[in-house]
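Please read the structure below before turning to the comments.
First the proteins, then the strands, lettered A, B, ... as listed; each starts at 1. It should be emphasised that the depicted structure is a prediction, and the values quoted were computed from it without experimental measurement.
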Amino acid sequence: MGNIHRDVNKLMDGVSVPTSRLNHTVNYALEEGKRQKRRSFHNKHRFFASIASIFVLAIATLLFTTYEQKNASLSVEDSIFATSPYGNVGLKRMVEEGRVTDLSLVAEDNGVMVTLKEGYFDNNQLVFSYSMEMSEDFYEKTLDKDFIMSVEYFTDGVHLGGHSTSSGHPQGLIRNGILTVPYNVEKIQSNSEIGLDIEEINGVEGNWSFHFQLEKEEEFIHMTENLEFEDGMGNVFTVQSVKLSPSKLDINLWSKLVPRDDYDELSRFNLAVLVKKGNELFFEPVLRRSSNSNNAYDLMKLRGSLREEVEVARGYDAYDYQIIPYIATYNGEKIMDDSPGIGYVFESIVVPLEKGAVLDLETPIKVLDIFDQGNNTVVRYEMEEVVPVFPVILEHGLTLDMDNERGEYLPISFTVHNDYVEVKYPKLDEIRRGKLELHMYDAAFQTFPNLDIRLNLK
Amino acid sequence: MTFIKSIFRHSKSSFEELVEADQERLYKIAYAYVKNEQDALDIVQDAIVKGIKSFHKLNDSQYFRTWMTRILINTAIDFLRKKKEVVYLEPDWLDSGMNLENKSITKMDFTAVFDQLKPEQKSILLLRYYEGYTVPEIAKIMNKREGTVKSQLYRTLNQIKVKLGNGGDSYGEYSSRCK
């Protein structure tokens, strides 16, 4: 600690301060800040006047929109479902296919105007997108707080239940977000009158109330027969039920894994869900895995079986799924801390995106070729064992553990050939090409080669 | 109007005193990001303007230093983004050291290594070792999860260690210190 502390302080102490210019700058900034603050005060009054006007308009709008959905199709660019980091490819596809309803209902209270923008309803999920407008004052007060929104739901006047959404960490208000009804929506009828009351936004109580009807997507495949898969080594995976709706696939999975001596506290049980088109396998993102076991994914503690619900976004209109379970034992370290507790840091392997680059994992991955193909960039990898985990392409300076909204290219699909695996990514931005790298967490992978878990749902 | 003026006068007075007492520190932090006197002054100026506009929301002036540091760091990072001069690492950084296939590293001094870090990495180092904040405090200032801060700090120190060659051995003590 001594050295880094000393070096940083030495570095900072060595900065010479242009005292005169700094005094001048500070004085100027104080005057300018004061001037802008006065102007902002007057603007704020105008803002609230505008809110009031909008509210009057909103009441008029509500009268017409409460029972009348807009049929105008939403564009992907304007859709929160399609563009928000809280959305997913399943909802994005629903937007693209015109299956999302443009609600655009407005409610205002306590200086916060909430617009319920989109609604989507099928037998696996009932979801809404919203946007919020508020005074800058209100917004800035929330910046150090967790985002909390309390919502109550009603169907045909009957209280369905309520819940609070929380961001889980301080980030202020989520101004464009998504609300998912956290109850079984199978029994809610199409075109029921749905009530959605927002009762609290970051500690501010209010009444943002919406009433509307939504048509429910009819397609629903519910399979309840047990499909058991075992590899002859004692590892058993049983698909106990499957629910498929246009936007989402829910799988109830029971897994029994034979403990191995080489599992350690950095071993994780993962699943890849794939859709096959010809020889090409496309990734479908696992949105959530929920289990009633506290030790669900700690292979050191998991000495029996695991029952879990796996929620998968349906980015593709497909019905044949392949599920590949695998164990990744990461290189890294466990970090103990009073708060938030135990953490893990996984080591990354980073190489330039170029022919001949080698990701030196336990089973190395070598880049054989990189080329563009239509709207994609294809990277050919030489790898001894094919595990459905491929490098992520990141702009230089980004890391896998950051929220990389831009400058990140995730694998879309892969095709296994005799001597190589071809992985498709979104087409690389020309400007960024020179500074892109391949990133992967350093891990040893264990697959279950004798398992072939396939779901044919049509 | 008289009432409004009195509020401004009160805020101005307190804010002014606090800023003037802290201005050199603010300048030095800004300079650490941009390595340029004029740019550093611009950042300090922008941060002060932002600060004075929201100073009334700071309930307790004992948190002024943390609050102002946060504003300054965000302003510095925004400034770099806008100028599009964010050269996180020079190409020779990759070629000489970070490529795992080439571990022959030219030893550099700490200042040179620091200059090549990306802005967020600089923020974490400055907050931890210059300002003396704990990881949870840094997480709050940077609006990040503690795990992310720990992980980035760990990687940053490892990068520095690699780049400094033998001179960085002591940075290997990071994990025990970061608990």
Side-chain angles (χ1 to χ4, degrees), chain A residues 1-5 7-15 17-19 21-23 25-26 28-30 32-34 36-38 40-41 137 140-141 143-144 169-172 333 335-340 343-346 348-352 357-358 360 396-397 399 401-403 434-435 437, chain B residues 4 8 12 15-16 19-20 23-24 27-29 31-32 37 41-42 44-54 57 86 88-89 94 98-101 110-111 114 118 125-126 129-130 135-136 140 143-148 150-152 154-155 157 160 167-168 170-171 173 175 177-179:
Chain A
M1 176 167 180
N3 280 1
I4 182 80
H5 190 267
D7 285 345
V8 171
N9 278 282
K10 195 173 155 193
L11 174 86
M12 297 302 280
D13 291 344
V15 175
V17 180
T19 309
R21 291 193 72 197
L22 180 60
N23 285 338
T25 300
V26 169
Y28 173 81
L30 288 168
E32 176 64 16
K34 191 174 61 175
Q36 288 188 19
K37 187 170 179 175
R38 274 199 210 101
S40 157
F41 180 84
D137 225 26
E140 287 184 14
K141 275 180 192 164
L143 290 178
D144 288 334
H169 59 100
Q171 64 173 41
E333 67 174 328
I335 295 173
M336 300 293 291
D337 202 334
D338 293 338
S339 171
Y344 297 91
V345 177
F346 297 156
S348 293
I349 291 183
V350 186
V351 299
V358 177
D360 197 13
H396 183 57
T399 56
D401 51 16
M402 291 172 69
D403 298 326
K435 46 183 178 179
E437 298 167 328
Chain B
I4 295 163
F8 284 149
K12 174 196 151 193
F15 184 81
E16 201 171 277
V19 159
E20 282 171 0
Q23 65 185 48
E24 289 201 358
Y27 173 82
K28 285 183 174 185
I29 294 175
Y31 187 87
E37 184 177 304
L41 289 169
D42 287 347
V44 170
Q45 181 179 308
D46 286 354
I48 291 173
V49 170
K50 285 177 190 167
I52 199 169
K53 284 161 74 178
S54 51
K57 294 169 198 155
V86 190
Y88 295 137
L89 300 171
L94 246 186
M98 287 307 290
N99 186 333
L100 293 176
E101 290 178 36
F110 180 80
T111 307
F114 184 87
K118 62 180 188 139
L125 278 191
L126 291 174
Y129 299 109
Y130 183 59
V135 167
K140 197 167 183 187
N143 200 15
K144 285 181 175 294
R145 292 179 183 161
E146 286 182 28
T148 306
K150 276 182 206 166
S151 162
Q152 289 183 349
Y154 171 81
R155 286 184 204 291
L157 292 175
I160 294 171
S170 58
Y171 297 134
E173 296 165 8
S175 56
R177 196 178 50 242
C178 199
K179 286 172 187 176

| So what's closer than 4.5 Å to chain B heavy atoms on A:L11: side chain, backbone, both or neither? |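 For A:L11, side-chain heavy atoms alone lie under 4.5 Å from chain B.
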#### Entry: Residues that B:Q45 engages under side chain to side chain donor-acceptor pair (under 3.5 Å), provided they are two or more places apart
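With sequence neighbours excluded, B:Q45 shows a side chain to side chain donor-acceptor pair (under 3.5 Å) to no residue whatsoever.
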Residues that B:D46 engages under side chain to side chain donor-acceptor pair (under 3.5 Å), provided they are two or more places apart
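Applying side chain to side chain donor-acceptor pair (under 3.5 Å) to B:D46 gives none.
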Worksheet item: How far apart are the closest heavy atoms of A:N9 and B:Y129, and which atoms are they?
Response: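 Taking A:N9 first and B:Y129 second, the nearest heavy atoms are ND2-O, 3.1 Å.
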Heavy-atom pair count under 4.5 Å with chain B, highest-scoring of A:V17, A:T25, A:L22, A:V8
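That would be A:L22.
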Exercise. Checking heavy atoms, do the side chain of B:Y130, its backbone, both or neither come under 4.5 Å from chain A?
Worked result: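 Both backbone and side chain.
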Take B:E20 and A:N23 through the test side-chain hydrogen bond (donor to acceptor under 3.5 Å, both in side chains) and record every step on the way to the result. CA-CA 8 Å; B:E20 282 171 0; A:N23 285 338; over 6 Å; no
